[in-house]
Protein chains: 2
Amino acid sequence: MSSGVLTIGDLSKATGTKVETIRYYERIGLLPAPDRTSGNYRAYGKSDLGRLSFIRRARDLGFGLEQVRELLGLSDQKQRSCEAVDVIARDHLADVDRKLADLKALRRELDSIIRRCGRGTIGECRIIEALAPIDPRH
Amino acid sequence: MSSGVLTIGDLSKATGTKVETIRYYERIGLLPAPDRTSGNYRAYGKSDLGRLSFIRRARDLGFGLEQVRELLGLSDQKQRSCEAVDVIARDHLADVDRKLADLKALRRELDSIIRRCGRGTIGECRIIEALAPIDPRH
DNA sequence: CTGCACCCTGTAGTAACTACAGGGTCAACA
DNA sequence: TGTTGACCCTGTAGTTACTACAGGGTGCAG
């Protein structure tokens, strides 16, 4: 495969995405169906690489596929849709902050359990009682 | 339903868990099968509430169901040597620390997106380009 | 010309729920 | 007493975001 043409395997290696996942993204319309070679192989270009990189990165940041689709749509129509992107990102940030706080709390609890445990107070490892406040969230 | 007995709906409300999810947890053995009333309703107690609270909290923090199962095992096997418990707990602590680092990094990214996007001049929003570096991760 | 790595389609499996369908139970209210 | 209406039951099938085959074709190196 010469010049700027990439196989699905090239895309896979370049982005760290499994080949099956790339085909899946095509199936659900996140990636456009590429041209085919004479042997029916998918022939990708540079723009496909960029688009897939974006998808992977957004997924890595915890955006759902529908959110990614929305973000891609916003960038496809090169209008001033910055506000919409901002809303999506802010929404996600709030979620991350909540998880961060919870995780810090869990870390503290786990750490104190380890300290109690290490000192040999057998039978006092009450992890559930420590970690399951009756306080319901959501 | 009088005294300390809770219906599945009570548990659902108290923990923010869907009724179907509670039954699912029972099916896969995360929650013990509770006693039944004369009308075949599930009758839960306080300890079930605590256990479910813990499961939800751990799930919310990104632990998989198998990890949750292991964490629950920490508290169930109280007669176990403290040293063994300590090893498992430390392992989970490492896991928590990794998640914390990931989330912090994610938070930074999102925050920078929002700052560039929300405050930036409309029409200079290059979020998609910013999010899709040719640099492949993983 | 024969391996072998790679590609193709299609289907089915995974985790962790979530949503019905079709029916039973229970407390309240007229 | 009867009848709503909210709640419960089991069982099955759908969802999200992949992942893993099965069964077969392509392309290049030796």
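Quick caveat, the model's predicted, so the values are computed rather than measured. By convention in this document, chain letters (A, B, ...) are assigned in the order of the sequence lines, proteins followed by strands, and residues within each chain are numbered from 1.
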S.K.: Round to a whole Å and report the spacing from CD1 of A:Ile8 to C1' of D:dT19.
M.R.: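 One finds 14 Å between C1' of D:dT19 and CD1 of A:Ile8, rounded.
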
S.K.: Could you list the residues that satisfy salt bridge (charged side-chain N to carboxylate O under 4.0 Å, His left out) with A:Glu20, not counting sequence neighbours?
M.R.: none

S.K.: Is there a side-chain contact between A:Thr21 and A:Arg56 (heavy atoms, below 4.5 Å)?
M.R.: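 Yes, close enough: below the 4.5 Å cut-off.
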
S.K.: So how far off straight is the helix from C:dC1-D:dG30 to C:dA30-D:dT1, going by the axes through five pairs at either end, to 10°?
M.R.: 10°

S.K.: As an exercise, state the distance from CZ of B:Arg51 to CG of B:Leu30, rounded to the nearest 0.5 Å.
M.R.: 7.5 Å

S.K.: Between D:dA22 atom P and A:Glu20 atom CD, what is the distance in whole Å?
M.R.: 13 Å

S.K.: Taking side chain as C-beta onward, heavy atoms only, is A:Leu65 less than 4.5 Å from A:Tyr24?
M.R.: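 A:Leu65 reaches A:Tyr24 side chain to side chain.
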
S.K.: Can you tell me how far C1' of D:dC7 sits from OH of B:Tyr44, to the nearest Å?
M.R.: 14 Å

S.K.: Counting C-beta onward and ignoring hydrogens, is there a side-chain heavy-atom pair between A:Ile8 and A:Tyr44 closer than 4.5 Å?
M.R.: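 Yes, their side chains come closer than 4.5 Å.
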
S.K.: If we check side chain to side chain contact (heavy atoms under 4.5 Å, CB included) with B:Ile22, which of these qualifies: B:Leu31, B:Ile55, B:Asp48?
M.R.: B:Leu31

S.K.: Send over the distance from B:Arg42 CZ to C:dG24 P, rounded to a whole Å.
M.R.: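 Taking CZ of B:Arg42 and P of C:dG24, I get 17 Å after rounding.
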
S.K.: Starting at CG of B:Leu52, measure out to OG of B:Ser47 and round the result to the nearest 0.5 Å.
M.R.: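 So the gap between those two atoms works out to 11.0 Å.
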
S.K.: Looking at C:dA19, C:dA16, C:dT25, which one has an atom nearest to any side-chain atom of B:Tyr41?
M.R.: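 Nucleotide nearest to B:Tyr41's side chain: C:dT25.
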
S.K.: May I have the distance from B:Asn40 (atom CG) to C:dG24 (atom P), rounded to whole angstrom?
M.R.: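 One finds 13 Å between P of C:dG24 and CG of B:Asn40, rounded.
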
S.K.: Check each residue of residues 23-33 of chain B for a non-hydrogen atom within less than 4.0 Å of any atom in DNA chain C, then write out the ones that pass by number, or none.
M.R.: B:Tyr24, B:Tyr25

S.K.: Please round to the nearest 0.5 Å and tell me the distance separating atom CD1 of A:Ile28 and atom CZ of A:Arg69.
M.R.: 5.0 Å

S.K.: Atom CD1 of B:Ile22 to atom P of C:dA16: distance rounded to whole Å?
M.R.: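 Going from CD1 in B:Ile22 over to P in C:dA16 covers 18 Å.
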
S.K.: Look at the side-chain N and O atoms of B:Arg36 and state whether any lies under 4.0 Å from the OP1 or OP2 oxygen of C:dT25.
M.R.: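 It does not, given that no N or O in the side chain of B:Arg36 lies less than 4.0 Å from OP1 or OP2 of C:dT25.
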
S.K.: Rounded to the nearest Å, what distance is computed from the CG atom of residue B:Leu6 to the P atom of nucleotide D:dC7?
M.R.: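 After rounding, the reported distance stands at 15 Å.
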
S.K.: Expressed as a whole number of angstroms, how long is the span from B:Leu52:CG to C:dC17:P?
M.R.: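 Rounded to the whole Å, the gap is 11 Å.
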
S.K.: Working to the nearest 0.5 angstrom, can you tell me the gap between B:Thr7 OG1 and B:Leu11 CG?
M.R.: 8.0 Å

S.K.: Think B:Thr21 has a side-chain N or O under 4.0 angstrom from the OP1 or OP2 of C:dA16?
M.R.: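 No, outside the criterion.
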
